[in-house]
Amino acid sequence: MITIILGPPGAGKGTQAILLSRRLGMNHISTGDLLREARMSDTPLGNQAARYLDAGTLVPDSLVSALVAERISKESTHFLLDGFPRTERQAEDLEAISIKEGQRLAHVLFLDVPDDEIMERLKKRGRTDDDLEIVEKRLSIFREQTRPLIEYYSDRNILSKINGVGSVEEVYSRIISILS
Ligand code: AMP
């Protein structure tokens with residue numbers, strides 16, 4: 001089974017994904033973490049990804065989809081995808097991967113947080129790709145390339161919109177009530 005957590009940068013996807021994977025035993029796949037790890041370990045993939053990571057732009061679809069396909073092919077478990085898919089092409093790739101691996105795409109959780117709150121959160125987080133200019137770039141990429149996935153998945157009747165404003169535990173319990 002596959003669950004996706006979707007939302008703008010700074011919506012709390014990573015935090016919620018860590019809680020869900022710890023408490024429910026889901027296998028957390030964060031493409032951002034995988035790409036940052038690849039960069040740290042100086043692999044060819046990491047070197048290719050580095051300039052996109054630093055600029056806050058999207059790593060090419062084929063690279064990211066291959067990374068996810070490799071992970072999903074390794075075991076049959078409940079996967080939680082955090083930060084993937086981010087484009088319609090990636091969503092199509094994921095559909096093909098799930099069919100190939102016999103995995104059901106069960107839920108897409110959209111964490112909804114207003115832009116002004118996102119800006120405040122990202123300014124506080126202090127990651128290297130959280131500089132104001134890069135934050136704005138990442139938000140506009142989200143609006144242009146990732147937001148259309150909300151319609152893509154609501155057309156497939158698997159999207160749940162979750163209010164992402166509140167404490168970590170408040171948002172977590174909203175997610176749990178949808179999953180159960
Ligand atoms: P995240 O940790 O999810 O905020 O991702 C950090 C950065 O990793 C993004 O700004 C992109 O450069 C890259 N990245 C992560 N996931 C993807 C993806 N699905 N497609 C393209 N680039 C990605």
Side-chain angles (χ1 to χ4, degrees), residues 2-22 26-101 103 105 108-111 113 115 118-150 152-153:
I2 296 174
T3 297
I4 295 170
I5 188 157
L6 192 73
K13 300 186 294 291
T15 306
Q16 295 298 331
I18 288 167
L19 285 182
L20 287 162
S21 59
R22 275 196 203 136
M26 293 178 176
N27 191 336
H28 178 201
I29 301 180
S30 155
T31 45
D33 285 350
L34 291 176
L35 292 164
R36 280 185 290 272
E37 274 163 29
R39 177 172 58 179
M40 297 275 278
S41 56
D42 201 22
T43 59
L45 168 77
N47 294 334
Q48 237 179 310
R51 63 194 165 104
Y52 302 99
L53 288 167
D54 292 336
T57 53
L58 294 184
V59 173
D61 292 332
S62 56
L63 260 179
V64 188
S65 293
L67 208 58
V68 173
E70 199 219 308
R71 280 293 173 119
I72 293 183
S73 70
K74 277 192 185 151
E75 56 182 322
S76 183
T77 176
H78 190 161
F79 288 102
L80 179 63
L81 299 183
D82 155 18
F84 181 91
R86 259 179 159 94
T87 65
E88 211 157 314
R89 178 55 210 256
Q90 291 179 15
E92 286 160 7
D93 289 344
L94 179 62
E95 224 155 83
I97 295 166
S98 61
I99 291 167
K100 179 161 177 265
E101 301 298 336
Q103 286 274 8
L105 197 51
V108 180
L109 308 165
F110 172 60
L111 274 188
V113 177
D115 280 3
I118 290 287
M119 291 301 285
E120 284 309 309
R121 290 187 188 184
L122 289 176
K123 274 191 250 166
K124 285 188 200 138
R125 192 161 73 172
R127 222 166 67 185
T128 53
D129 56 355
D130 285 341
D131 287 351
L132 192 57
E133 206 178 307
I134 298 178
V135 164
E136 273 162 3
K137 163 86 75 49
R138 291 169 63 213
L139 267 176
S140 76
I141 291 174
F142 172 79
R143 282 187 212 108
E144 285 159 25
Q145 309 219 47
T146 310
R147 262 201 103 88
L149 296 184
I150 294 170
Y152 181 96
Y153 287 119

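Bear in mind that the values here come from a model prediction, so they are computed numbers and not experimental data. We're numbering straight along the sequence, starting at 1.
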Q) Does the side chain of Asp93 come within less than 4.5 Å of Val68's, by heavy atoms? A) no
Is atom CZ of Arg89 surrounded by more than 12 heavy atoms (other residues, nucleotides or ligands) closer than 6.0 Å?
no
Lys/Arg N to Asp/Glu carboxylate O, Glu70 vs Lys74, below 4.0 Å: yes
Note: Pro148 and Glu88 closest approach over all heavy atoms is CB-OE1, 4.2 Å
Checklist entry - Are Tyr153 and Pro85 side-chain neighbours, meaning at least one heavy-atom pair lies under 4.5 Å? => result yes
Check your understanding: For atom CD of Glu133, is the number of surrounding heavy atoms from other residues, nucleotides or ligands below 6.0 Å larger than 12?
Key -> no
**Item:** Donor-acceptor contact below 3.5 Å, side chain Thr87 vs main chain Gln145
**Value:** no
message = Any side-chain to backbone donor/acceptor pair from Lys13 onto Gly7? Under 3.5 Å, distance only.
response = yes
Taking every heavy atom of Leu45 against every heavy atom of Ala38, the minimum-distance pair comes out as CD2-CB, 4.0 Å
Heavy atoms of Phe110 and Pro8 approach each other most closely as CE1-CD, 4.2 Å
Closest non-hydrogen contact found for Asp82 with Ala17 is OD2-CB, 3.8 Å
CG (Leu63) and CG (Leu58) are apart, to the nearest 0.5 Å, by 12.0 Å
*asked:* Pair Leu35, Leu67 - check side chain to side chain contact (heavy atoms under 4.5 Å, CB included), show working.
replied: CA-CA 9 Å; Leu35 292 164; Leu67 208 58; 3.9 Å; yes
Value for CG (Leu53) from CD (Gln48), rounded to nearest 0.5 Å, stands at 11.5 Å
### Query
Below 4.5 Å, heavy atoms only, C-beta onward: do Val113 and Arg121 meet side chain to side chain?
yes
Interatomic distance, CD1@Ile118 vs CD@Glu136, rounded to 0.5 Å, equals 13.0 Å
Find out whether Leu34 and Arg71 are in side-chain contact, i.e. whether some heavy atom of one side chain is under 4.5 Å from a heavy atom of the other. yes
- Are Arg22 and His28 side-chain neighbours, meaning at least one heavy-atom pair lies under 4.5 Å? no
Open item on the list: Between Ile72 and Leu94, is the side chain to side chain contact (heavy atoms under 4.5 Å, CB included) condition met? List the steps.
Closed with: CA-CA 10 Å; Ile72 293 183; Leu94 179 62; 4.2 Å; yes
For residues 45-69, the salt bridge (charged side-chain N to carboxylate O under 4.0 Å, His left out) pairs (sequence neighbours left out) are Arg39-Asp54
Flag the pair Asp115 / Arg143 as yes when at least one side-chain heavy-atom distance between them is below 4.5 Å, and no otherwise.
yes
Close side-chain approach of Arg86 to Ile141, heavy-atom, < 4.5 Å: no
Side-chain touch Ser73/Glu101, heavy atoms, less than 4.5 angstrom
yes
- [ ] For Met119 and Leu132, run side chain to side chain contact (heavy atoms under 4.5 Å, CB included): C-alpha distance rounded to whole Å, both residues' side-chain angles, the deciding distance at 0.1 Å, then the answer.
- [x] CA-CA 8 Å; Met119 291 301 285; Leu132 192 57; 3.5 Å; yes
Residues passing the side chain to side chain contact (heavy atoms under 4.5 Å, CB included) test with Tyr52, sequence neighbours excluded, are Thr57, Val59, Pro60
Closest non-hydrogen contact found for Arg138 with Pro9 is NH2-CB, 3.5 Å
Interatomic distance, CD1@Ile5 vs CD1@Ile29, rounded to 0.5 Å, equals 14.0 Å
All heavy atoms of Ile97 vs all of Ser65, minimum pair found to be CD1-O, 3.9 Å
Here the gap from Thr15 atom OG1 to Leu20 atom CG, rounded to the nearest 0.5 Å, amounts to 11.0 Å
Here the gap from Ser41 atom OG to Arg36 atom CZ, rounded to the nearest 0.5 Å, amounts to 13.0 Å
*So Phe84 and Val64, side chain to side chain contact (heavy atoms under 4.5 Å, CB included) or not? Walk me through it.*
CA-CA 8 Å; Phe84 181 91; Val64 188; 3.6 Å; yes
